[in-house]
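What follows is a single structure, written as structure tokens, with notes after it.
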Amino acid sequence: MESLDYETCENEIYNAHQAKRTQWHSLIHTTVKWTLCLLTGVLVSLTAFGVNMGVENIAAVKFSYTFALMEDSLLASFVVYSLFNCALVLVATVLVVYFAPQATGSGIPDVKAFLNGVDVRGVLLARTLIAKTIGCVCAVAAGLAVGKEGPFVHIGSCIASLLGQGGTKHYQYKGKWLQTVKNDVDQRELVTCGATAGVAAAFRSPVGGVLFALEEATSWWSNQLLWRSFFTTAVVSVVVRTTMKMCGGKQCGYFGEVGGFIIFEMREGQVDYQLYELLPMTMLGLIGGLLGASFNSLSARLGTWRREVLSNHEKSSRVYEAVAVAFITSLVTYILPLLSGCKECPTDSVMMCPRDSQDVHFGNYVAFNCHAPKQYNPLATLFFNTQDNAIRALFGSNTDHEFDVTSLTTFFLFFYALAILTYGISVPAGLFVPGILCGASYGRLVGYAMTEFHGGKDIDEGTYALLGAASFLGGCMRITVSLCVILLELTNNLNLLPLMMLVLLVAKAVGDATGVKAIYDMQIDLKNLPVIPDNPDQAMHNINAVDAAATPVVSFQRVEQVQRIVDILTGCSHSGYPVMATDHTGEPSFMGFILKSHLLQVLASRQAFQTSSKPRDNNIQMVASSLQLNQAWKAVSTRGLSVADVNLETADMDLYLDLAPYVNPSPYVVQEDMSLNKAYQLFRQLGLRHLAVVPKAREVSGIITRKDLLPEGFQQRFPGVDVVSPSSLNERGHTLSDRLMQTNNMDKIKIGRSV
């Protein structure tokens, strides 16, 4: 893995490109980005529709055969049921293990790492998208304790990245205008929009999707990005609603009217609350914080064992593990309802009770091994059902005592254990749905107790189930604002806003107090992803930047022999190097930074070689204009150009290369006595890849204040000037090297090692 270049490299190539830009080019660039956002929203919506339709139809076929065989033989029914689940998991895990290893898990930690500036190879490739999509369908349809909502974030990010690159490495559209977004900054924005689209498609929550990316995923934000993200989620909302209307009745098989989309209407639920309810609701937040933290801790320990033990064995061991978990899940979800008793259907139920298991594959009141005509199995309604339908049953309004204490307790204990066991196996797996089910089960238990204690007056068990789900997710993920909006958009009930806020705040506070990290941060640690946390360590206040900088510094002179450049690139893994020059007094000065990718591209092109070891200031612009801005850009999640890929002849090694056109003369630098805490904040907030540490300057050239940057002050000082082009600067007698030497007269430099 390596870091991404989120800093603008303002070298002569960039300046030459900017000098040729017109308003037309800016309009095209903006149009391309909006068009890609539109396409991202449409494709993510259609993919989500396909995933949900696949899950619902496959699960319905599985349950149809299982219920049909149950009338003749329970053993045959279980064998078919377990074979269905094991076969589906086998397909999912084989795709992940042998075809696309980066498709495992939810993918949210990987997307978060990318938006933080870490490019992990294979995360956003086409094969990862394919394995993630198919594997997600199989894993969820197999009844594992996983969800498909988390993988939608990864799927949306993959789609956005592939659109921004014009396709895959071998099948790529190389249109002229698409080249304008082939840079890390624009790719970061597109991937952010893809992540928001994934959340919006999973939960039908456009505002929640934007807030999720802002709160949890990205470490950089802007008003333009906010606007485009919201536009993308709006497109998702429209397309998802349109596709759902197309599948009314049985036009899409067993998909039904809502299918696998999580839609929980709670308009008939609890509309108000009493003061005495604040105590049990606060207790829900406390329980959710503790259970969420314990879930994170236990799953992290199991993940560490998998990394240390299973990784030392052959790949097939991970396949065997996933199939074994599928069999255990099948055994639990079949045997427990079988051992549980049936209940009489409520006389005032507005829903079919029991539901027709041979024809209807969604809804409440599952008749599992019930011999009387008007009975249903509460535990089977939760276990022997798709997870979306189980959530609808738990969130159901005006269905008091549909689930007894024994059923809810049994379901919570076993599903909680299954979720810990399953999260981390080699299949696409999300955490939202398992978290909702765990929280909703103990939340409904609290609601059951409240209705018993207060006689059921104005208290709805479904409302407590929703608050329980919020508490568990808050304690596990440690997100508040976006999660609150997502759950409220799901239920269409703003009356629950104060209660939701209370529960989430308590759950997050309790979870943080335990000292256990959030689940996605733990997954980042398990994967050893170099993601910079939000806040620096307290010890950094007492450490200077120069003490943390890596030494010795590997640097280039302005004019270097090709042989030395190749030797340094071969023997050093740094992704950027400082370039030194000599000023008019003969003293060395810091000229700027040059990226390894730019050096490799210049060497591969062989256009700028020269026989003289002297700088050539007279044709810097010509050399800069001969190269394209995006030639050195590496496609996301792929291996870039390496030294081995550069084919140079023996005679080329004796030639020289003037690095001036390719040097970024304005990198971010800090003085050596700056605290590491301050340098940390600068590095993270600006998304830097390198930060040079320099000694104290000998003089101050000037001071810029707020008024100098305001449009009015700028126009007064520079009347009639829109863009200062490199050519206009050279016409006034100030070449690039002159300006650098005049403003950067420094004796030495230290640079932090790149990731």
Side-chain angles (χ1 to χ4, degrees), residues 1 3-4 6-7 106-120 123 150 153-154 157 184-185 188-189 191-192 195-196 199 208-223 225-226 229 289 292-293 296-297 300 431 473-486 501 504-543 545 548 668 670 674-691 752 754-755:
M1 65 185 72
S3 297
L4 295 163
Y6 289 155
E7 178 188 359
S106 68
I108 293 179
D110 303 284
V111 174
K112 184 175 180 179
F114 177 86
L115 297 177
N116 191 266
V118 181
D119 187 18
V120 183
V123 168
V153 176
H154 194 184
S157 300
D184 289 339
V185 175
R188 172 178 60 179
E189 292 190 4
V191 170
T192 303
T196 61
V199 177
V210 175
L211 292 176
F212 178 83
L214 175 61
E215 183 178 8
E216 178 64 20
T218 185
S219 56
W220 179 88
W221 203 259
S222 69
N223 288 335
L225 179 57
L226 175 65
S229 298
N296 296 355
S297 178
L431 187 60
L473 292 176
C476 181
M477 300 181 181
R478 313 291 165 79
I479 54 179
T480 54
V481 179
S482 59
L483 186 57
C484 180
V485 174
I486 288 173
M501 295 172 63
L504 285 171
L505 288 172
V506 173
K508 178 175 171 35
V510 172
D512 290 338
T514 61
V516 179
K517 290 184 177 181
I519 186 65
Y520 296 134
D521 293 334
M522 280 194 162
Q523 292 298 315
I524 287 173
D525 293 341
L526 284 174
K527 294 184 176 184
N528 294 321
L529 299 175
V531 174
I532 302 178
D534 296 339
N535 301 310
D537 192 276
Q538 288 295 326
M540 291 186 180
H541 288 278
N542 305 318
I543 302 175
Y668 290 95
V670 298
M674 175 184 283
S675 70
L676 188 58
N677 175 75
K678 211 169 183 179
Y680 180 101
Q681 295 175 357
L682 179 69
F683 198 97
R684 188 183 187 280
Q685 291 175 5
L686 296 179
L688 302 181
R689 191 174 188 178
H690 315 93
L691 186 60
S754 60
V755 176

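All values below were derived from every heavy atom in this structure, side-chain atoms included, with hydrogens, water molecules and symmetry-related copies excluded.
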Distance in Å, [X] [atom1] paired with [Y] [atom2], rounded so as to fall on 0.5 Å steps:
X: Leu473; Y: Ile486; atom1: CG; atom2: CD1; value: 9.0 Å
X: Ile524; Y: Ile519; atom1: CD1; atom2: CD1; value: 11.0 Å
X: Leu431; Y: Asn296; atom1: CG; atom2: CG; value: 7.5 Å
X: Ser229; Y: Phe212; atom1: OG; atom2: CZ; value: 13.0 Å
X: Gln681; Y: Ser675; atom1: CD; atom2: OG; value: 8.0 Å
X: Tyr668; Y: Leu691; atom1: OH; atom2: CG; value: 10.5 Å

Starting from the C-alpha separation in whole Å, work towards a yes-or-no answer on side-chain contact (heavy atoms from CB on, under 4.5 Å) for Ile532 and Tyr680.
-> CA-CA 9 Å; Ile532 302 178; Tyr680 180 101; 3.1 Å; yes
Check whether [X] reaches the backbone of [Y] with its side chain - one donor and one acceptor, N or O, closer than 3.5 Å.
X: Ser157; Y: Val153; value: yes
X: Glu7; Y: Arg689; value: no
X: Gln523; Y: Pro109; value: no
X: Arg478; Y: Gly511; value: yes

Residues in side chain to side chain donor-acceptor pair (under 3.5 Å) with Asn677, at least two apart?
->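 So Asn677 forms no side chain to side chain donor-acceptor pair (under 3.5 Å) with any residue.
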Compare every heavy atom of [Y] with every heavy atom of [X], then report the nearest pair and how far apart it is.
X: Thr514; Y: Ala293; answer: OG1-CB, 3.4 Å
X: Thr196; Y: Val210; answer: CG2-CA, 3.9 Å
X: Val516; Y: Ser297; answer: CG1-N, 4.1 Å
X: Val111; Y: Ala195; answer: CG1-CB, 4.4 Å
X: Ser482; Y: Leu211; answer: CB-C, 3.5 Å

Enclosure of Met540 CE (heavy-atom neighbours >12, cutoff 6.0 Å) =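 Yes - once you tally the heavy atoms of other residues, nucleotides and ligands closer than 6.0 Å, there are more than 12.
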Can a salt bridge be assigned to the pair Arg188 and Asp184 using a cut-off of 4.0 Å between side-chain N and carboxylate O?
->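 No, this pair does not count.
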Could you go step by step and tell me if Asp110 and Lys527 meet the side-chain contact (heavy atoms from CB on, under 4.5 Å) rule?
-> CA-CA 9 Å; Asp110 303 284; Lys527 294 184 176 184; 2.7 Å; yes
Evaluate the criterion side-chain contact (heavy atoms from CB on, under 4.5 Å) for residue pair Phe114 and Asp119; output intermediate values, then yes/no.
-> CA-CA 5 Å; Phe114 177 86; Asp119 187 18; 4.2 Å; yes
Val531 and side chain to side chain contact (heavy atoms under 4.5 Å, CB included): which partner among Asp525, Asn116, Asp521, Leu115?
->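 By the side chain to side chain contact (heavy atoms under 4.5 Å, CB included) criterion, Val531 pairs with just one of Asp525, Asn116, Asp521, Leu115: Asn116.
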Begin with the C-alpha distance, continue with both residues' side-chain angles, and end with the deciding distance and a verdict on side-chain contact (heavy atoms from CB on, under 4.5 Å) for Met477 and Leu483.
-> CA-CA 9 Å; Met477 300 181 181; Leu483 186 57; 5.5 Å; no
